[in-house]
**Student:** 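Attaching a single structure in structure tokens format; questions to follow.
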Number of protein chains: 2
Amino acid sequence: MFSKTTEYALRATLYIAANSSPERKLSINEIAAAIDSPRSFTAKILQRLSANERLISSSKGPGGGFYMTEKAGKQPAKIILETMDEDALLNKCVLGLSRCSDEKPCPMHKDFKVIKADIYTLFTKTSIASLAADTHKNSFLKGARR
Amino acid sequence: MFSKTTEYALRATLYIAANSSPERKLSINEIAAAIDSPRSFTAKILQRLSANERLISSSKGPGGGFYMTEKAGKQPAKIILETMDEDALLNKCVLGLSRCSDEKPCPMHKDFKVIKADIYTLFTKTSIASLAADTHKNSFLKGARR
DNA sequence: GTAAAAAAGGATATTTTTGTCCCTTATTAT
DNA sequence: ATAATAAGGGACAAAAATATCCTTTTTTAC
């Protein structure tokens, strides 16, 4: 459904949301280990995620690392997809047709319209913080097939 | 959502379903042109789709080509995904975790379980023939961004 | 001001996906 | 039989996604 890059981005963001604060920053090493992702590749992704401190923040030097503010956590999960330029998934035609639309639909347009709307709603209505809260209770972010 | 390969497979299958019969076979050239896909690559995909004549049939030589029987068309669209080994989409974890399950869920497991079930139902309940019928009425299969 | 820690960034490598080319095999019609 | 047509299949090429490595910059502590 999503690219590996986006999977890592989602896992990393949720881990950071669940385990960091401006007072408790996390290193790339800790994050990559926690979400079972390749360290250097994850570093690149974190770079993108923290590029415009609106989602994830970072600071260099000893004691530095990645973290999330409370405010950032209140945003909908969709912002993670947007930051990775992968929110296209929610708009594009399942059959790959560029001009597929309500007026000129592909054979699966109508059916998938509903499903895509559900996914859209999910990512819009669910905040990063609420997903992070769940990782404290009963869910996890580790255990990838690599 | 799907790979290009699967997009082409879906488009090609629906085109064949909508426009062929054992009496009216379609050449690779016609199919690729009709669904706006790279000719040789499409040939490979058709090879896979017709490998075990259960979905698409083919015959060589003059007058030959690809076609679908009425019986094959009655199958659910899911068989296209299965033939392309891409039905995994319907089972795998959105966050890419191999051991994600009801018992040990990722933070998005519960929400996506519903959505994946909807997609599964869609592909299971919808026959190839009914999608093909739609292409005759108001939908189309051409116009890809390439 | 030196050293250490940590992210930023650039260059490069590997793997997978997507796509092409060309030769072979099967079928049909003449 | 021969030629023409169409799919089958193998080898190869290009592009994109994934992944690694190494150097630079920033910050902190001493």
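In what follows, every chain begins at residue 1, and chains take the letters A, B, ... in the order their sequences are listed. The structure displayed is predicted, hence computed values, not measured ones.
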**Student:** Checking side-chain contact (heavy atoms from CB on, under 4.5 Å) against A:K78, which of A:L90, A:T83, A:L122, A:I119 comes through?
**Tutor:** A:L90
**Student:** Taking only N and O in the side chain of B:Q47, is any of them less than 4.0 Å away from OP1 or OP2 of D:dA7?
**Tutor:** no
**Student:** Ion pair present between B:K92 and A:E7, side-chain N to carboxylate O less than 4.0 angstrom?
**Tutor:** yes
**Student:** Rounded to whole Å, how long is the line connecting atom NZ of A:K44 with atom P of C:dA7?
**Tutor:** 13 Å
**Student:** Without decimals, in angstroms, what is the distance between A:D85 CG and D:dA17 C1'?
**Tutor:** 15 Å
**Student:** At less than 4.0 Å, is any side-chain N or O atom of B:T5 found next to OP1 or OP2 of C:dT18? Yes or no.
**Tutor:** yes
**Student:** NA contact type, A:L26, heavy-atom cut-off 4.0 Å: base, sugar-phosphate, or nothing?
**Tutor:** sugar-phosphate
**Student:** What integer distance in Å separates B:E7:CD from C:dT17:P?
**Tutor:** 14 Å
**Student:** Let's see if you can work this out: which of C:dT20, C:dA7, C:dA4 has an atom nearest to the side-chain heavy atoms of B:F41?
**Tutor:** C:dT20
**Student:** What integer distance in Å separates B:N29:CG from D:dA4:P?
**Tutor:** 18 Å
**Student:** Does A:S40 reach a base, just sugar-phosphate, or nothing at all? Heavy atoms under 4.0 Å.
**Tutor:** base
**Student:** What is the distance from CZ of B:R48 to P of D:dG9, rounded to the nearest Å?
**Tutor:** 13 Å
**Student:** Has A:Y8 got a side-chain N or O lying under 4.0 Å from the OP1 or OP2 atom of D:dA19?
**Tutor:** yes
**Student:** Looking at A:R48 and A:D85, does any basic side-chain N land under 4.0 Å from a carboxylate oxygen?
**Tutor:** yes
**Student:** Is the closest side-chain donor-acceptor distance between B:R24 and B:N19 under 3.5 Å?
**Tutor:** no
**Student:** Given atom NZ of A:K4 and atom P of D:dT20, what is their separation to the nearest angstrom?
**Tutor:** 11 Å
**Student:** Let me confirm one number: the CG-CG distance from A:L14 to B:L95, rounded to the nearest 0.5 Å.
**Tutor:** 6.5 Å
**Student:** Rounding to an integer number of Å, can you tell me how far A:R39 CZ sits from C:dA7 P?
**Tutor:** 7 Å
**Student:** Could you work out which one of D:dT18, D:dT26, C:dA4 sits closest to the side chain of A:K60?
**Tutor:** D:dT26
**Student:** Which whole-number value in Å describes the distance from A:Y67 OH to C:dA7 P?
**Tutor:** 12 Å
**Student:** Any side-chain N or O of B:S58 less than 4.0 Å from the OP1 or OP2 oxygen of D:dA7?
**Tutor:** no
**Student:** How would you label the contact of A:I28 with the nucleic acid (heavy atoms, under 4.0 Å): base, sugar-phosphate, or nothing?
**Tutor:** sugar-phosphate
**Student:** Between A:G63 and A:S3, just flag the one whose closest nucleotide in DNA chain D comes earlier from the 5' side.
**Tutor:** A:S3
